[in-house]
Amino acid sequence: MTSIAEEIRLEKEKQNAVILAHLYVDGEVQDIADYCGDSYYLSQMAQKTEAEKIIFCGVEFMAESAKILNPEKTVLMADRSADCPMAHMATPDQVREYRDRYDDLAVVCYINSTTEIKAVSDVCVTSSNAKTVISNIPNKHILFIPDQNLGGYLAPLFPEKRFHFVDGYCHVHNFMELMEIEQLMGAHPDAKVACHPECAPRVRALADYIGSTTGILKYAHETDAKEFIILTEIGVAHRLKLDNPGKSFYFPETRPVCPNMKKVTLEKVLNVLRDPKNPIEVPEDMAAAAKKCLLKMHEWGG
Ligand code: 13P
Ligand code: SF4
C-alpha cells in the first residue's frame, strides 16, 4: 500500500508544487516538506521557487507573504484556518497615530503581522534578521509592531534609537512559567538555555542564547554542551533530535504548543493537493504596498 507521504510526493510532482513547512508543525509534516525552516528562510524559499504552486504548512501570514512575493503563483495552505493571533495585535490606526506624532519615524513590522499592517509599514523583519535590518534604518524613532517581546529584546541593542511598542505578544512564548524553567535548570545544571526572543523578559534573562528558531538549531548543534533547555515551540524538538543524536533537549513541563501550527496534518496536505480550494488572495493595492515592505527586508536582511 502506498504511504501517505508517497502519495503526497507523487501528487506534488504531478502538479509542479513545492511544500514549505515551518519548524513548529508536526515532525511527520516537516519530513515531507521540500523546505523546512524559520520564517525568514521560508520567505526566501518562497521568493526563489520556480514551482507553479506553493503549499504552505504554517500559518496565514506566512502563506500571504509567499503570495505577495509571487502574485502569479497559486499559494495554498494545508489548513486555511491556521492563523497567528499575534499577527492581529496591531492596527493601521495605531500606525497612523504614531506617524502623526513623530516626524522621524520608521515603522518596523514583524513578519508575524497581517498584510494590512505590512502595507502601512516601512520594513518587515523576522527574528533572524531584525538586528541587521534595524541597523540599516536611519530614523531615530522606531515603532516596532506587533511583538513587544521581540521589540524589547532589540531595543537595548540600539541605544541611540527610541523604540515604541503596541501591546502585542505570542501566547505560546509569552506565558512560559518561570518556575518550571528554574526547576529544569536545577535538575540539569550543565544544560545551556536557548530561548526565542518572543519570550517574556524574565524568561529571556535566564538564557545563554537568544535567537530565532533556526538560530536555536544552529546554537544547539555548534555548542559543545550535551544538554539544552529549549524555550520555544515544541515542534523544533523533531529537528533538534535528528541533527544531534548524542544530545538531550528539555522543554518546560507545560508544553509550548502553537495550536495553529498543529492544525497541519499529512492528510490535509494531500487533500489540498488533490482539491486546491481557497487559494490565498491578497487585494492588489494592499499587496503592492506590503511587497515593498517585504522586499526591503530581503534587501537589508542579508
Ligand atoms: P521564527 O520562525 O522567525 O523563529 O519565528 C517564530 C514564530 O513564531 C513563527 O510563527
Ligand atoms: Fe503566532 Fe506564536 Fe504560533 Fe508563532 S508560535 S504562529 S507567533 S502564535
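Both counts, for ligands and for their atoms, begin at 1 and track the order of listing. The shown structure was predicted, so the numbers you read here are calculated from the model rather than taken from an experiment.
Looking at Ser127 next to ligand 1, an N or O pair under 3.5 Å apart turns up.
Heavy-atom contacts of Tyr110 reach the following atoms of ligand 1: 5 (O) (cutoff under 4.0 Å). Close contacts between ligand 2 and Cys84 involve ligand atoms 1 (Fe), 6 (S), 7 (S) [criterion: under 4.0 Å to a heavy atom]. Taking every heavy atom of Ser39 and a limit of under 4.0 angstrom, the matching atoms of ligand 1 come to 1 (P), 2 (O), 3 (O), 5 (O), 9 (C). Residue Ser212 approaches ligand 1 through these ligand atoms, each under 4.0 Å from one of its heavy atoms: 4 (O). Listed by number with element, the atoms of ligand 2 under 4.0 Å from a non-hydrogen atom of Cys170 are 2 (Fe), 5 (S), 7 (S), 8 (S). Which parts of ligand 2 touch Pro85 is read off a 4.0 Å heavy-atom cut-off, strictly below it: atoms 8 (S). Every atom of ligand 2 is numbered from 1 in the order shown, and the set under 4.0 Å from a heavy atom of Met86 is 7 (S). Within ligand 1, the atoms closer than 4.0 Å to a non-hydrogen atom of Glu198 are 6 (C), 7 (C), 8 (O), numbered from 1 in the order shown.
Taking backbone and side chain together, Cys258 holds an N, O or S atom under 2.8 Å from atom 3 (Fe) of ligand 2. Distances from atom 2 (Fe) of ligand 2 show that His173 has no N/O/S atom below 2.8 Å.
Relative ring orientation between Phe165 and Phe144 is described as perpendicular, the plane-to-plane angle rising above 60° on a 0-90° scale split at 30° and 60°.
A heavy-atom separation below 4.0 Å is found between Tyr24 and ligand 1. The shortest heavy-atom distance from Cys170 to ligand 1 is not under 4.0 Å. At a 4.0 Å cut-off, not a single heavy atom of Met86 sits close enough to ligand 1 to count as contact. Heavy atoms of Glu198 come nearer than 4.0 angstrom to ligand 2 in at least one pair.
Note on Glu64 versus Lys67: no salt bridge recorded, every NZ/NE/NH1/NH2 to OD/OE distance being 4.0 Å or above.
The minimum heavy-atom distance linking Lys263 with Lys268 is given by the pair O-NZ, 2.7 Å.
If you check which protein heavy atom lies closest to atom 10 (O) of ligand 1, you get Asn112 ND2, 3.3 Å.
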